[in-house]
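Residue numbers start from 1 in every chain, and the chains themselves are labelled A, B, ... in the order their sequence lines are given, proteins ahead of strands.
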Amino acid sequence: MTKTYISDLSKLVGQEVELQGWLYNKRSSGKIRFLILRDGTGIAQCVLVKNNLSEEVFNTFDALTQESSFKVKGVVKQSDKAPGGFELELSDCTIISVAQEYPITPKEHGVEFLADRRHLWVRSSRQHAILRIRHTIIHAIREYFDSRGFILFDAPIFTPAACEGTSTLFETDYFELGKAYLTQSGQLYGEAGAMAFGKVYVFGPTFRAEKSKTRRHLTEFWMVEPEVAFNDLNDNMDLAEDFLEFIVQSVLKNNMEDLKTIERNISKLENVKKPFPRISYHEATEILKRKGIPFDYGNDFGAPDETAISEDYDRPLIVHRYPSAVKAFYMKRDPQDETKALAMDILAPEGYGEIVGGSQREDDYDVLLARIKEHELPQEAFDWYLDLRRYGSVPHSGFGLGVERTVAWICGIEHVRETIPFARMIYRITP
RNA sequence: UCCACAGUAGCUCAAUGGCAGAGCAUCCGGCUGUUAACCGGAGGGUUGCAGGUUCGAGUCCCGCCUGUGGAGCCA
């Protein structure tokens with residue numbers, strides 16, 4: 001007798017095993033009945049044949065409701081007719097807990113209904129597949145940096161002031177020290193790490209109190225932010241490109257079944273190979289001009305602009321050298337053209353928009369101080385940051401990758417709310 | 001904050017201004033290979049809230065509430 005998981009059944013054909021899990025679905029044809037068991041690793045069909053079983057065991061079928069927990073014993077058989085490919089001809093079936101009427105049926109539901117029951121929704125196959133892919137992506141992120149000499153350098157969640165001075169932050173009372181804010185980026189701290197360790201990555205949740213209400217926005221989302229000393233903008237683009245390719249390849253290697261479950265077009269992911277096209281902001285505006293999309297030179301791109309710029313490419317597109325006026329104070333200006341910043345964004349294909357934003361950082365003390373004043377930021381709060389330029393300043397670069405947008409793109413799904421177990425949005429904080 | 005759309009049974013949706021309906025779910029019955037199984041039967045409604053027009057409002061008008069996704073902002 002072996003206690004095992006459904007994912008192991010292929011190795012156990014012909015053997016008697018014990019499985020435990022939850023009822024995914026059931027069907028009856030009178031004297032032969034089918035239970036579909038879900039155990040978190042897959043689904044398996046369990047067959048109850050009346051003539052082979054005691055009355056008591058055969059009738060557990062009647063008491064089992066959707067999502068009831070139970071355990072079974074039986075011999076593993078390969079079966080093309082069985083969902084999951086394997087079935088158990090049961091010798092025993094024991095109920096652990098009978099579920100009350102389960103609200104999420106195998107039929108369609110609306111988004112509000114499902115979001116209110118997110119704690120149950122994560123049991124269904126599509127959500128299961130998406131969250132497994134999220135797991136692979138996060139694992140790949142860590143594996144990529146860990147195997148290339150980067151140190152994980154955690155940034156604080158509570159911060160004394162805005163990192164970039166632009167977006168609206170969540171505010172909270174912090175004892176006698178006044179207000180604290182939930183971080184919108186760990187990058188400034190990552191720069192301190194890069195000066196200490198050479199190569200670091202910050203990986204954690206970030207918070208934006210913007211009242212954004214679109215399929216691409218959460219108020220709480222995860223971001224990974226590598227920062228590398230002595231990297232210039234080109235090195236930064238090389239790193240981001242290699243990194244994204246690695247992530248996509250990891251998903252293709254580990255999650256083919258999940259991609260099939262969510263009906264993702266695999267060929268679109270197979271295209272994601274180096275090198276990625278690189279165009280300047282200036283060239284991007286010419287694409288808009290050619291397509292007849294009205295645009296004021298010098299502005300940042302809106303979501304529809306990003307779609308128009310990237311839609312003709314079959315892989316992520318790197319756009320670099322944005323007008324410095326629309327970018328953050330810490331970005332270094334292009335010595336060739338002082339109106340431009342050494343910034344780069346990566347636009348995912350298929351209209352998914354910006355998934356990476358990064359830059360070479362300003363490394364000159366006087367210039368950085370002037371920028372802080374220009375942006376009317378509280379200088380005291382940035383004193384430690386200026387220290388990084390006082391004590392052995394070097395050229396350095398980094399970027400941030402939004403995990404949920406990356407998951408949405410790789411999975412080909414409509415809305416980022418399905419890419420994290422419990423999404424936090426402007427009008428939703430439960431469950 | 002602004003713009004657009006939506007709200008009817010537990011769920012997903014129908015109903016020319018004229019009797020409030022279907023499928024699924026639930027309950028009862030049938031079926032020895034089902035595949036969102038199928039077949040027969042039953043129960044299930046303050047049509048988001050409040051007002052107005054009308055002989056008559058789920059339907060038309062006004063206000064509010066809730067939801068959705070889009071703009072701005074960004075990953």
Taking the cut-offs as 6.0 angstrom to the six-membered ring centre and 45 degrees off its axis, would you call A/R148 and A/F246 a cation-pi pair? yes
Could you pull out every donor-acceptor pair under 3.5 Å between side chains of residues 90-104 of chain A and any protein atom, sequence neighbours left out?
from, atom 1, to, atom 2, distance (Å)
A/S91, OG, A/E16, OE2, 3.0
A/S91, OG, A/K73, O, 3.4
A/Y102, OH, A/L120, O, 3.2

What nucleotide among B/G67, B/G72, B/C74 has an atom nearest to a side-chain atom of A/S212? B/G72
Determine whether the aromatic ring of A/F221 stacks with the base of B/A75, defined as ring centroids separated by less than 5.5 Å and ring planes inclined by less than 30°. yes
Do the side chain of A/H128 and the main chain of A/S124 share a donor and acceptor less than 3.5 angstrom apart? no
With heavy atoms under 4.0 Å as the rule, sort A/G110 into base, sugar-phosphate or nothing. sugar-phosphate
Using a heavy-atom cut-off of under 4.0 Å over every strand shown, decide if A/T406 touches base, sugar-phosphate, or nothing. nothing
Remember a base hit wins even if backbone is also touched, and classify A/F34 as base, sugar-phosphate or nothing at under 4.0 Å, heavy atoms. base
What's A/V416 touching, base or sugar-phosphate or nothing? Going by heavy atoms closer than 4.0 Å. nothing
Does B/U46 have a Watson-Crick or wobble mate here (both distances under 3.5 Å), and if so which one? none
Look at all strands and tell whether A/R216 reaches a base, only sugar-phosphate, or nothing, counting heavy atoms closer than 4.0 Å. base
Base paired to B/C11 (Watson-Crick or G-U; both N/O distances under 3.5 angstrom): B/G23
Under 4.0 Å between any heavy atoms, over every strand shown, what does A/L218 touch: base, sugar-phosphate, or nothing? Just pick one. base
Using whole Å, report how far CD1 of A/I426 lies from C1' of B/C2. 13 Å
Mind checking whether A/F382 and A/Y385 have parallel, tilted or perpendicular rings, split at 30° and 60°? perpendicular
Under a 3.5 Å limit for both distances, which nucleotide forms a Watson-Crick or G-U wobble pair with B/C5, could you say? B/G67
Indicate, with a heavy-atom threshold strictly under 4.0 Å, whether A/H217 touches base, sugar-phosphate, or nothing. base
Would you classify A/N25 as touching base, sugar-phosphate or nothing, given that sugar-phosphate means primed atoms plus P, OP1 and OP2, and contacts are heavy atoms under 4.0 Å? sugar-phosphate
What nucleic acid atoms does A/R417 come within less than 4.0 Å of, heavy atoms only: base, sugar-phosphate, or nothing? sugar-phosphate
What nucleic acid atoms does A/E87 come within less than 4.0 Å of, heavy atoms only: base, sugar-phosphate, or nothing? base
Without decimals, in angstroms, what is the distance between A/Y352 OH and B/A75 P? 19 Å
Going by ring pair (Phe, Tyr, Trp, His ring centres under 6.0 Å), name the pairs with one or both residues in residues 56-96 of chain A, residues two or more places apart or in two chains. none
Which part of the nucleic acid, if any, lies within contact of A/Q45, taking any heavy atom under 4.0 Å across all strands shown: a base, the sugar-phosphate backbone alone, or nothing? base
Counting any heavy atom closer than 4.0 Å, what does A/P83 reach on the DNA or RNA strands: base, sugar-phosphate only, or nothing? base
